[in-house]
Amino acid sequence: MSMHDDVKEILFTEEQLQERVAQLGAQITRDYADKTEPVVLVSVLRGSYIFMADLSRAIDRPVQIDFMSVSSYGAGTKTSGQVEIKKDLSDPIEGVHVIVVEDILDSGTTLSYLMNVLSARHPASISLCTLLDKPERREKPIYAKYVGFTVPNAFIVGYGLDYAEKYRNLPYIGVLKEEVYAD
Ligand code: IMP
Ligand code: MG
């Protein structure tokens with residue numbers, strides 16, 4: 001029994017992901033070319049870990065990396081609406097250019113909270129880079145300067161995204177078969 005047997009449909013192949021991540025990296029490289037202050041990529045754990053690793057290597061300038069962990073979801077597919085910082089950044093961000101790297105922008109609850117918290121620490125600038133955007137589900141207004149792909153309102157997994165902590169290590173992004181989702 002292979003993990004891949006649980007997948008109903010592949011939305012983005014490894015090749016499509018690599019091509020888009022390379023474009024985002026090139027765009028960020030251009031946009032930050034003449035910034036003199038440090039640039040830090042803030043990965044929102046755990047869903048963005050693979051995107052962070054690939055995106056950081058697609059950016060051709062010095063960047064620092066840091067990690068945060070927040071939770072707004074239980075084990076299932078529905079948001080609880082509450083956000084909690086589980087792990088904060090290792091370093092201060094005052095005066096540096098922050099790029100928040102996220103896997104998916106869904107209701108916007110997590111990121112609107114996070115962007116407010118980080119903005120209050122007086123970075124030189126702050127922008128948001130999300131691999132996926134699910135605009136149909138938005139409840140909080142939020143602007144992402146960098147978006148990899150817009151996706152339909154379906155629960156998706158792979159390339160870092162999980163269902164109940166499984167399927168993060170699928171190398172592509174896809175939708176699971178109905179019988180796999182318990183709720
Ligand atoms: P939001 O606060 O509703 O925007 O939720 C964002 C977080 O929910 C993401 O960082 C993901 O961890 C998770 N999430 C939202 N949609 C999906 C999905 O389709 N698959 C896997 N995780 C998701
Ligand atoms: Mg997440």
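All values reported here derive from a predicted model rather than from experimental measurement. When a ligand or atom number is given, it counts from 1 through the structure's own listing order. One-based numbering along the sequence shown.
- Put simply, the side chain of Ile93 does not reach to within 4.5 Å of the side chain of Ile126, judged on heavy atoms.
- A tilted orientation is assigned to the rings of Tyr32 and Tyr146, their planes being inclined by 30° to 60°.
- The aromatic rings of Tyr159 and Phe51 sit tilted, their planes meeting at an angle between 30° and 60°.
- Here is the list of ligand 1 atoms found below 4.0 Å of a heavy atom in Lys134: 16 (N), 17 (C), 18 (C), 19 (O).
- In this structure, Gly47 does not count as a contact residue of ligand 1, since none of its heavy atoms falls inside 4.0 Å of the ligand.
- Close N/O approach between Phe155 and ligand 1 is not found [any backbone or side-chain N/O within under 3.5 Å].
- With hydrogens and angles ignored, the 3.5 Å screen pairs a side-chain donor or acceptor of Thr29 with a backbone N or O of Asp60.
- Close approach of ligand 1 to Asp106 is summarised as follows: ligand atoms under 4.0 Å from at least one heavy atom of the residue are 1 (P), 3 (O), 4 (O), 5 (O), 15 (C), 16 (N).
- The atoms of ligand 1 that sit less than 4.0 Å from any heavy atom of Glu102 are 10 (O).
- In Ala154, the part holding a heavy atom less than 4.0 Å from any atom of ligand 1 is the backbone.
- Inter-residue side-chain proximity for Gln16 and Leu11 is flagged as unmet; no heavy-atom pair is nearer than 4.5 Å.
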Kindly list each side-chain donor-acceptor pair under 3.5 angstrom involving residues 169-177, sequence neighbours excluded, with atom names and distances?
residue : atom : partner : partner atom : Å
Tyr172  : OH   : His4    : ND1          : 2.6
Lys177  : NZ   : Asp5    : O            : 2.5

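- Set against the non-hydrogen atoms of Thr110, the atoms of ligand 1 under 4.0 Å away are 1 (P), 2 (O), 5 (O), 6 (C).
- Of the polar atoms of Leu111, none of the N or O atoms is found under 3.5 Å from an N or O of ligand 1, judged by distance alone.
- Summarising the geometry of Val101 relative to Leu55, their closest heavy-atom pair is CG2-CD2, 4.0 Å, with the distance given to 0.1 Å.
- Close contacts of ligand 1 with Asp162, meaning ligand atoms under 4.0 Å from a residue heavy atom, involve 21 (C).
- Residue-ligand proximity: Val157 is placed with every non-hydrogen atom at 4.0 Å or more from ligand 1.
- Proximity of Asp103 to ligand 1, defined as any heavy-atom pair under 4.0 Å, is confined to the side chain (atoms from C-beta onward).
- Contact annotation: for Thr109 versus ligand 1, heavy atoms closer than 4.0 Å belong to both the backbone and the side chain.
- Annotation: side-chain hydrogen bond (donor to acceptor under 3.5 Å, both in side chains) contacts of Arg61 (sequence neighbours excluded): none.
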